[in-house]
Protein chains: 2
Amino acid sequence: MSGGKNTGTSKAERYIQPSLLMALLSGASYGYELLQRLPDFGFFREDVPPGMIYRHLRQMEEEELVISRWEAEGSGPAKRVYEVTPAGREVLEAWIGHMENRMRKLQDFVALYRSRTATHTADHCGGKDSER
Amino acid sequence: MSGGKNTGTSKAERYIQPSLLMALLSGASYGYELLQRLPDFGFFREDVPPGMIYRHLRQMEEEELVISRWEAEGSGPAKRVYEVTPAGREVLEAWIGHMENRMRKLQDFVALYRSRTATHTADHCGGKDSER
DNA sequence: TTGACATATATCCTTAAAGAACATATATAC
DNA sequence: GTATATATGTTCTTTAAGGATATATGTCAA
């Protein structure tokens with residue numbers, strides 16, 4: 001087959017930025033650790049491409065959503081430890097609003113679908129919420 | 001301005017394919033009409049780039065999610081009228097499942113945010129599962 | 001002490017999708 | 001017959017994700 005037929009589940013939005021901000025909300029962290037914590041937020045599969053994380057962290061620092069400092073203490077090579085700024089918190093808050101808005105739209109869409117595909121075989125069309 | 005600072009609301013997923021399938025669910029239609037109906041589903045702004053719609057319709061036909069026929073009746077130029085196929089219905093159903101899944105993840109994320117930013121000014125820090 | 005391995009960060013390249021501009025064709029009204 | 005609204009289609013550019021790879025450093029064992 002040449003096509004491939006991606007049935008239904010195409011590439012979804014990753015929400016990388018809000019996930020990173022959320023992770024940093026509970027305390028400073030660094031790229032390598034964030035790599036392992038990010039999947040917990042639900043928007044990633046198990047393996048997160050490292051380049052993407054570092055790229056985003058840099059970009060976020062440029063936008064002053066986070067600040068970084070080098071930390072040489074501890075074992076292993078030095079880490080660049082990031083911390084979220086007040087501006088970062090605001091942006092995360094905005095992301096939350098954006099997500100709630102998105103949730104509402106998804107809910108409306110699903111509800112519309114349900115109402116349009118409701119089984120019309122019953123003798124009466126009583127409630128529209130006869131689902132499991 | 002050099003930076004740009006896209007604060008919080010970056011480019012969101014458009015859900016073009018499910019929107020098109022949904023629109024066709026209630027009856028056959030064609031590109032030019034769909035252009036005007038798509039914003040009703042909430043995932044588009046007012047103006048939908050026409051090229052995008054035709055591109056998607058074509059691709060969906062190649063995947064056999066829709067079928068088209070030329071219709072010369074009526075006024076104006078001939079229209080390519082699309083109809084959703086059984087396979088298309090299945091894919092829409094899959095999209096709905098995907099959306100519900102996404103909704104759940106968004107809900108979890110927002111709930112997590114709320115729990116982490118809850119005002120800690122209260123006199124006790126009870127359990128970690130004090131969610132409503 | 002040196003070689004292997006885990007940790008940690010950074011850069012580059014390719015691909016896929018969106019966005020936008022542009023091109024084509026036809027029927028109808030004037 | 002010419003202008004305009006309808007209708008479809010193509011092409012180009014930009015952007016972000018995904019993936020591969022490069023670099024550097026500390027730890028541990030032989």
Side-chain angles (χ1 to χ4, degrees), chain A residues 2-6 8-20 23 28-39 43-63 66-82 95, chain B residues 2-6 8-20 23 28-39 43-63 66-82 95:
Chain A
S2 58
K5 270 200 194 199
N6 54 340
T9 50
S10 86
K11 191 166 49 182
E13 213 176 1
R14 309 319 301 281
Y15 292 109
I16 301 180
Q17 193 178 94
S19 295
L20 286 172
S29 184
Y30 54 98
Y32 194 79
E33 194 189 52
L34 290 167
L35 273 184
Q36 293 144 5
R37 285 170 53 192
L38 273 194
F43 300 113
F44 297 89
R45 356 182 169 79
E46 308 75 49
D47 62 323
V48 183
M52 196 181 259
I53 301 308
Y54 293 112
R55 192 200 301 148
H56 268 85
L57 286 171
R58 288 301 203 70
Q59 188 185 328
M60 285 163 68
E61 181 159 35
E62 200 168 329
E63 293 171 11
V66 294
I67 45 170
S68 74
R69 59 175 194 277
W70 281 101
E71 189 171 294
E73 277 93 80
S75 66
K79 320 169 199 320
R80 187 191 279 271
V81 175
Y82 288 89
W95 268 109
Chain B
S2 57
K5 269 202 196 202
N6 54 340
T9 50
S10 87
K11 190 165 50 186
E13 213 177 0
R14 308 318 301 278
Y15 293 108
I16 300 181
Q17 193 178 94
S19 296
L20 286 171
S29 183
Y30 54 99
Y32 193 80
E33 194 189 53
L34 289 167
L35 273 183
Q36 292 144 5
R37 285 170 52 193
L38 273 195
F43 300 113
F44 296 88
R45 0 181 169 77
E46 307 75 50
D47 62 324
V48 183
M52 197 182 256
I53 300 309
Y54 292 111
R55 191 200 302 150
H56 269 84
L57 286 171
R58 214 87 71 51
Q59 188 185 328
M60 286 164 67
E61 181 159 35
E62 199 168 330
E63 294 171 10
V66 295
I67 46 171
S68 73
R69 60 174 193 277
W70 281 98
E71 189 170 292
E73 277 93 80
S75 66
K79 320 169 200 317
R80 188 192 278 270
V81 175
Y82 287 89
W95 268 109

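Chain letters run A, B, ... following the sequence lines, proteins first and then strands; every chain starts at 1.
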Under 3.5 Å, N/O pairs linking protein and nucleotides 7-11 of chain D:
from: D/dA7; atom 1: OP1; to: B/Lys79; atom 2: NZ; distance (Å): 2.3
from: D/dT8; atom 1: OP1; to: B/Arg80; atom 2: N; distance (Å): 2.8
from: D/dT8; atom 1: OP1; to: B/Arg80; atom 2: O; distance (Å): 3.4
from: D/dT8; atom 1: OP2; to: B/Gly31; atom 2: N; distance (Å): 3.3
from: D/dT8; atom 1: OP2; to: B/Tyr32; atom 2: N; distance (Å): 2.6
from: D/dT8; atom 1: OP2; to: B/Tyr54; atom 2: OH; distance (Å): 2.9
from: D/dG9; atom 1: OP1; to: B/Arg80; atom 2: NE; distance (Å): 2.9
from: D/dG9; atom 1: OP1; to: B/Arg80; atom 2: NH2; distance (Å): 2.9
from: D/dT10; atom 1: OP2; to: B/Arg58; atom 2: NH1; distance (Å): 2.9
from: D/dT10; atom 1: OP2; to: B/Arg58; atom 2: NH2; distance (Å): 2.5

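A donor-acceptor pair under 3.5 Å links the side-chain atoms of B/Arg14 to the main chain of B/Phe43, judged by distance alone.
When the C1' atom of C/dA20 is taken as reference, atom CD1 of B/Ile16 falls 13 Å away, rounded to whole Å. When rounded to the nearest whole Å, the span between CD of B/Glu13 and C1' of C/dG19 equals 16 Å. Whole-Å rounding puts the B/Leu20 CG to C/dA18 P distance at 11 Å. In this structure, B/Phe43 places its CZ atom 14 Å from P of C/dA18, rounding to the nearest Å. Rounded to an integer number of Å, the gap from A/Met60 CE to D/dA16 C1' is 16 Å.
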(request) Under the side chain to side chain contact (heavy atoms under 4.5 Å, CB included) rule, what do B/Arg69 and B/Tyr30 come out as? Steps first, then yes or no, please. (result) CA-CA 10 Å; B/Arg69 60 174 193 277; B/Tyr30 54 99; over 6 Å; no
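OP1 or OP2 of C/dA18 sits under 4.0 Å from a side-chain N or O of B/His56.
With values rounded to the nearest 0.5 angstrom, B/Tyr54 atom OH is found 5.0 Å from B/Leu35 atom CG. To the nearest 0.5 Å, the span separating CE on B/Met60 from NE2 on B/His56 amounts to 8.0 Å. Note that the CD atom of A/Glu61 and the CZ atom of A/Arg80 stand 6.0 Å from one another [nearest 0.5 Å].
A heavy-atom distance below 4.5 Å is not found between the side chains of B/Leu20 and B/Val66.
Each of A/Gly74 and A/Pro49 was assigned the nucleotide of DNA chain D with the nearest heavy atom; the assignment lying further toward the 5' end belongs to A/Pro49.
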